[in-house]
Amino acid sequence: MARSSRLLAALPALMALGAGAAAEQTEFYRGKTLSIVVNYTSGGPTDTEARLLARHLPKHIPGAPTIIVRAMGGAGGMIGVNWLGQVAPQDGTAIGYMTGIVGASMHESGALKIDTTKLPFVAGVEGISVYYGRRDIGIEKAADIVTKSGFWMGGLTPDNHKDIRLRAGLDLLGVSYRYVSGYTGAAEARLALERKEIQFTAESMPTYRTQIEPSLVTTGVVVPVWYDTQAAVSDRPHPDAAGIDALPFEAFYRQVKGPPPDNDLWRMNILLKEQASSFQRTLNFPPNTPPEAVEALRAAIGAVVNDEEYRADALKTIKFMPRFTRGPEVERVFYQSMRVEDRLRAFLQEYAAQGVQMVGK
């Protein structure tokens, strides 16, 4: 655990790796179409980020391929992940821009049907998720959540890393809540919250900044309660959370409850949040993709993060700059992050199974 934390804490310093000039590339992609496949529905944060990237990526790929984005949601994101590993063409014309690969691999989700270590790694995307609740359940400020009970928390599937983190945060705070799951993506959960079907959920930055903040926070409909980030930096505000009236979960817990407990639920929650923040999204190819395709995309990601047009578009459309991580050391950490000690994996699996029994009760 400590070793994993140290590795994950080092990721920001690794972001510059792999950004040097790449060797001259053959135009592998000339005349081709590259599909970027996201594993959640259209209109969600993964889809939003992928479409932003797709607008700027072609000019950085030798051969300037046509790029299309395909949303493939369902089963808590696993339909898209399984498609990438089982069905996708292995000729370099399909790449996944996906959320939750590490989390699903960590606890060996039953919905995951592939060996994710066989997916060539191109880059990771760091990110934070903001947890928020409807003000009409009686919360005027974040700390009020610990005094509330009986509201509905909404998620995707009981063994999805997002649902597990939602439940774990509320359970650690001692909050009594009800649980509904089965939304196909963040956009559907957001709509359910607007309809008052649920009162508490979470969303990552692309749609939090562009959907939740302007339409629900500023109008007083919802209150941000906490956000997830890496434990190593949880004692200070995350730069992407500027202006959000909430604390990292660990700091919030200490504020409202005191010293953290020494138990597996706390350890599981911290580990999941670290992995989900460090590799919130990942870009992976299908197995056996030609090395020249992998290298072309790695070089292109290295170039796009320094593209001023991309930066300006990101700040305009999603209100922040995605934090890509890449290079050999980041790749090593990505694969290592999917390995969890047996005891903690068993606890995680049992906790997910308990969630199945809670749905709709």
Side-chain angles (χ1 to χ4, degrees), residues 1-9 11 39-40 45-46 76-78 81 98-112 116 124-131 153-173 175 179 181 186 200-205 225-234 238 247-253 260-282 325 333-356 358:
M1 177 71 171
R3 182 186 178 197
S4 176
S5 297
R6 287 194 299 271
L7 288 169
L8 291 163
L11 279 178
N39 60 329
Y40 285 99
T46 312
M78 292 303 101
V81 175
M98 299 192 169
T99 296
I101 284 180
V102 171
S105 300
M106 283 171 57
H107 70 279
E108 298 175 346
S109 167
L112 181 64
T116 52
V125 188
E126 290 185 345
I128 65 174
S129 294
V130 183
Y131 295 65
M153 182 271 284
L156 307 177
T157 61
D159 68 345
N160 182 272
H161 65 102
K162 177 176 180 176
D163 287 45
I164 293 172
R165 287 182 288 124
L166 275 160
R167 288 179 51 220
L170 293 173
D171 287 345
L172 284 163
L173 292 167
V175 177
Y179 174 40
S181 192
F200 193 89
T201 191
E203 204 144 352
S204 56
M205 292 304 289
V225 179
W226 75 78
Y227 63 85
D228 279 351
T229 187
Q230 297 158 333
V233 294
S234 64
H238 193 284
L247 295 170
F249 180 78
E250 292 85 343
F252 178 66
Y253 185 93
D262 181 17
N263 60 29
D264 283 341
L265 180 58
W266 179 267
R267 285 184 282 272
M268 178 198 75
N269 189 48
I270 295 299
L271 181 60
L272 280 176
K273 292 194 305 85
E274 286 183 337
Q275 314 295 14
S277 300
S278 299
F279 297 105
Q280 187 172 71
R281 329 265 188 239
T282 58
T325 57
V333 175
F334 167 73
Y335 291 119
Q336 182 175 331
S337 295
M338 293 186 270
R339 304 189 190 102
V340 182
E341 60 180 286
D342 291 343
R343 182 180 61 82
L344 200 55
R345 174 177 281 116
F347 179 86
L348 209 167
Q349 291 172 337
E350 181 180 357
Y351 190 75
Q354 291 170 358
V356 175
M358 292 175 59

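What you see below is based on every heavy atom in this structure, not just the backbone, and it leaves out hydrogens, waters and symmetry mates.
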Within a strict 4.5 Å, meaning less than it, do heavy atoms of the [X] and [Y] side chains meet?
X      : Y      : result
Leu156 : Tyr40  : yes
Leu344 : Met106 : no
Leu348 : Glu108 : no
Phe249 : Leu172 : yes
Met153 : Leu170 : yes
Val125 : Thr282 : no
Met268 : Ile164 : yes
Gln336 : Val333 : no

Distance in Å, [X] [atom1] paired with [Y] [atom2], rounded so as to fall on 0.5 Å steps:
X      : Y      : atom1 : atom2 : result
Met205 : Ile128 : CE    : CD1   : 4.5 Å
Asn269 : Asp171 : CG    : CG    : 9.5 Å
His161 : Arg165 : NE2   : CZ    : 5.5 Å
Asn160 : Arg167 : CG    : CZ    : 12.0 Å
Arg345 : His107 : CZ    : NE2   : 10.0 Å
Gln280 : Thr99  : CD    : OG1   : 6.5 Å

Does any donor atom in the side chain of [X] or [Y] lie under 3.5 Å from an acceptor atom in the other side chain?
X      : Y      : result
Ser277 : Asp228 : no
Ser278 : Glu126 : no
Ser181 : Thr157 : no
Ser129 : Ser204 : no

Aromatic contact between Phe334 and Phe279, with the criterion being ring centroids under 6.0 Å apart: yes or no?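 When the ring centroids of Phe334 and Phe279 are compared, they turn out to be within the sub-6.0 Å range.
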Tyr253/Trp226 aromatic ring centres below 6.0 Å: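 No; Trp226 has its ring centre 6.0 Å or more from that of Tyr253.
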Assign the ring pair Tyr351 / Phe347 to parallel, tilted or perpendicular, where the plane angle (0 to 90°) is split at 30° and 60°.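 Ring orientation, 0 to 90° scale: parallel.
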List for me each residue that meets salt bridge (Lys or Arg N to Asp or Glu O under 4.0 Å) alongside Arg281, sequence neighbours excluded, and say none if there are none.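 Listed in chain order: Glu49.
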As a quick check of understanding, evaluate side chain to side chain contact (heavy atoms under 4.5 Å, CB included) for Thr116 and Met338, giving each step before the final call. CA-CA 9 Å; Thr116 52; Met338 293 186 270; 3.1 Å; yes
Verify side chain to side chain contact (heavy atoms under 4.5 Å, CB included) between Met98 and Thr46, making sure each step is shown before the conclusion. CA-CA 7 Å; Met98 299 192 169; Thr46 312; 5.7 Å; no
